[in-house]
Every structure is written in structure tokens, then in C-alpha cells.
Number of protein chains: 2
Amino acid sequence: MNKPAKIFKALGDETRLRLANLLLQTDREICVCEMVDALELPQYQISKHLTILKNAGILQASRKGTWVYYRLDDESSPFWRDFLKVLGRHLKQQAFVDDAAKLRQRLALRQNGQCVVGFVAATAIKNKFRTKKAAKNL
Amino acid sequence: MNKPAKIFKALGDETRLRLANLLLQTDREICVCEMVDALELPQYQISKHLTILKNAGILQASRKGTWVYYRLDDESSPFWRDFLKVLGRHLKQQAFVDDAAKLRQRLALRQNGQCVVGFVAATAIKNKFRTKKAAKNL
DNA sequence: ATTTTATATGCTTGAAATCGCATATAAGCA
DNA sequence: TGCTTATATGCGATTTCAAGCATATAAAAT
């Protein structure tokens, strides 16, 4: 598949568009657990969809210790970078706005601009990947 | 599915993107058989994909006698109209040029700006919907 | 070293999308 | 009316895709 079709296909999924939205609204690197908390979806889903977005050339990943941060691919063509910027400004539907709000709350937990906690309560339970640390916070 | 995801999904298919490209490059109404000849794909495929694009709110159809013409949906939001325009300019620089060239050849067969023939030779054979009129031209 | 935590991935299942073919519908024409 | 042509659509077969669950990997912490 050529690149444009691949990019559209990647964005043609509700969850992946929500993920892209998170990055478009904040314009910085976001780590996986932060997205898990923002969208309240199981961790494996987030991971898989991020992989698809990455393979489409929309995102890049970089590991920092245990955490993996994703950002918009800054090596993609100017056209697609601009396109995504403009798209970000037009995702005004409530769902997208809510996601972004929840992400901002979650980002408040950072220290020195770094993510320092995994996913928390509600999502953790849903994931059954609930950590002991998160359990204590219940 | 929300609208943006729906539109992206529709464009996330090679054939449908090629169809959209035809309309973007010529910026006028194109009828089904002309697209069949431009893309050299079976008529039923073209029809089905056009329906999907129409349902996504990207295209509009209008029948004129036996022929059905498709055009970009001019009732869609300003954002999506602009977006498609910009996309068209981008696709022009990439592949998709051959399709557009073939379409232009095909459009040369029009009379008074109207399509007056069905699909012709090569494509017609592939379709097994070969008309007697087209057969004579072989 | 062992355990804990963050992230990724293999596998199965069900749903959805696509294709190919046949045929239906709609409209013009003899 | 009956035939021809343009377009659409129903259906079965095949493929693609996402969800769900379990588990693997990678890196820290104890």
C-alpha cells in the first residue's frame, strides 16, 4: 500500500484517532501508561494501536528506562506534518476534548517532565494488570 | 463512528483513494464508466467503492439519463473541503498521476461536456460486461 | 538473583471488509 | 414491447482486522 492510503487507514479507526488526538493536542511526548489512563482502554490495546500508527509513519517511539514515549514522527514529510497539525485543530468533538482533558490531568502527575507512575486505579483494574502500587491507592 | 474516522477509513483504501484522486485532479463531475476506464478495474468494484465514499460524505452522485456522475460533496464542512483540495495537490506530486492522465484521455471522448460512451476495450474485456458497441472498436 | 513494573506480542475468535460473479434495476432506443 | 447499455446490489468465499487473554521481554528495584 502506498503511503497516503496507509496513513488514512491508520487514522480510520476510532481508538487510533483518539491516540493521535492526544499527541496533537499536547504537542509533546506522551508515554504509554499516560495514554492508557487518558483513554481508559486496556494496555495491550493501546500498545497495539500505537504500533500500527508507528508503522504507518505517523508516530515515533523512544524508550527512557522502563517507560516508552511516543511523539508525532518529525521525520515525516512536511505535507503530512502540516496535515496532522490542521487536523488536530479540527477534532472538536466532545469525546476528543474529554480525552485531552483527562490526559492533562494525568500529565500533572509528572515530575521534572517525566512520567513517574504506571497506570492508575480504574484502568488498572480493567487491565487486570493492576500493580500493587496502584492497588494501594484504591 | 464519528465523522473524521469515517472519512479516513473511506480514504484508507487504495482503490478509493485513486477514485478520490480522479475527482480531485479534474475538479468536475466524472461518470462511472469514465472512472472504470481510468482505473481499469471491474465496474462492480468501482460502483461499490463509490458507494462507500458517498456514504462517508465525501462524494455526491447525480444521474443524467443512463449515466451517473460523481463529484466531491460540496455540502461537507469547509474543513473537509479544504482538506481534500490540499490532499489533491499533494497526490498530484506523487503517484496517482497515471490515473489522472488516463482519465484525461478518456474525458477527450466527451461531447458537449457529457459522457457519451460506456467503458471501452481493455477494461470492457476485463469486465466481461463488454458491450457490442465497444467490441466493434477492438 | 529475584521480584516488580512497563510495554510488547503471539494466538484465537468473531466481526467486518473485499472480491468475484451473477443478477437486478434504470433508462434509452429500435 | 423488447433489446441494449449504464449502474447498482445480493451473495458466497476469502481475507483482514480488532478484541481479549495470556504471556514474553525489558528494565528497574529490592
Side-chain angles (χ1 to χ4, degrees), chain A residues 1 5-6 9-10 12-19 30-37 39 41-56 59 61-70 114-120 123-124 126-137, chain B residues 1 5-6 9-17 19 30-37 39 41-56 59 61-70 114-120 123-124 126-137:
Chain A
M1 185 149 53
K6 200 168 180 180
K9 188 169 191 172
D13 172 274
E14 197 72 33
T15 303
R16 291 195 290 270
L17 194 53
R18 289 174 71 197
L19 284 170
I30 307 291
C31 93
V32 178
C33 59
E34 290 168 332
M35 301 201 224
V36 168
D37 275 347
L39 301 196
L41 287 175
Q43 175 269 330
Y44 63 81
Q45 273 193 33
I46 302 289
S47 265
K48 279 178 183 170
H49 284 302
L50 285 172
T51 300
I52 291 171
L53 287 167
K54 190 175 62 172
N55 289 339
L59 305 184
S62 63
R63 180 180 278 272
K64 291 181 184 170
T66 316
W67 284 272
V68 175
Y69 291 79
Y70 283 84
Q114 304 281 310
C115 176
V116 291
V117 293
F119 34 68
V120 293
T123 316
K126 215 188 260 177
N127 276 274
K128 289 199 310 189
F129 277 88
R130 184 156 53 97
T131 65
K132 291 181 180 165
K133 195 197 300 174
K136 274 185 266 172
N137 297 330
Chain B
M1 185 148 54
K6 200 169 179 180
K9 188 170 190 171
L11 294 175
D13 172 275
E14 197 71 35
T15 303
R16 291 194 291 269
L17 193 53
L19 284 170
I30 306 292
C31 94
V32 178
C33 60
E34 291 168 332
M35 302 201 224
V36 168
D37 275 349
L39 301 196
L41 288 174
Q43 177 268 332
Y44 61 80
Q45 271 193 35
I46 301 289
S47 264
K48 280 178 184 170
H49 284 302
L50 284 172
T51 299
I52 292 171
L53 286 168
K54 190 175 61 171
N55 289 339
L59 306 184
S62 63
R63 180 179 279 273
K64 292 180 185 170
T66 316
W67 283 272
V68 176
Y69 292 77
Y70 283 85
Q114 304 281 312
C115 176
V116 292
V117 294
F119 33 68
V120 293
T123 316
K126 216 187 259 178
N127 276 276
K128 290 198 308 188
F129 277 89
R130 184 154 53 98
T131 64
K132 292 182 179 164
K133 195 198 302 176
K136 274 186 265 172
N137 296 331

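Note that the structure is predicted; figures quoted are calculated from it, not measured. Every chain is numbered from 1, with letters handed out A, B, ... down the list of sequences.
Heavy-atom distances to DNA chain D give each of A/Arg63 and B/Ile46 a nearest nucleotide, and the one nearer the 5′ end belongs to B/Ile46.
Counting any heavy atom pair closer than 4.0 Å across all strands shown, B/Tyr69 reaches no nucleic acid atom.
To the nearest 0.5 Å, the span separating CD on A/Glu14 from NZ on B/Lys9 amounts to 10.0 Å. Atom SG of B/Cys33 sits about 7.5 Å away from atom OH of B/Tyr69, to the nearest 0.5 Å. To the nearest 0.5 angstrom, A/Arg18 atom CZ is 5.5 Å from A/Leu41 atom CG. The OG1 atom of B/Thr51 lies 10.0 Å from the NE2 atom of B/His49; values are rounded to the nearest 0.5 Å.
Protein atom NZ of B/Lys48 is 19 Å distant from nucleotide atom P of D/dA6, rounded to whole Å. Rounded to whole angstrom, the span from the NE2 atom of B/His49 across to the C1' atom of C/dT18 amounts to 7 Å. Atom CG in A/Leu50 sits roughly 10 Å away from atom P in C/dT7 (whole-Å rounding). With rounding to whole Å, B/Glu14 atom CD is found 16 Å from D/dT16 atom C1'. Rounded to whole Å, the distance from CG on B/Leu11 to P on C/dA17 is 15 Å. Across the protein-nucleic acid pair, B/Ile52 atom CD1 and D/dT9 atom P stand 12 Å apart, rounded to whole Å. One can place NZ of A/Lys6 at 14 Å from P of D/dT16, the figure rounded to the nearest angstrom. Look at CD on A/Gln45: it is 15 Å from C1' on C/dT7, rounded to the nearest Å.
Put simply, the side chain of A/Glu34 gets close to the backbone of A/Cys31: a donor and an acceptor are under 3.5 Å apart.
A sub-4.0 Å separation between OP1 or OP2 of C/dT18 and a side-chain N or O of B/Arg16 is present. For D/dT16, the OP1/OP2 oxygens have no side-chain nitrogen or oxygen of A/Lys9 closer than 4.0 Å. Within the 4.0 Å cut-off from OP1 or OP2 of C/dC11, not a single side-chain nitrogen or oxygen of A/Tyr44 is found. OP1 and OP2 of D/dA6 both lie 4.0 Å or more from every side-chain N or O belonging to B/Thr66.
Remark: the A/Gln43 side chain and the C/dA6 base include no donor-acceptor N/O pair separated by less than 3.5 Å.
Residue A/Thr51 places its side chain closer to C/dT9 than to any other of C/dT9, D/dA6, C/dT7.
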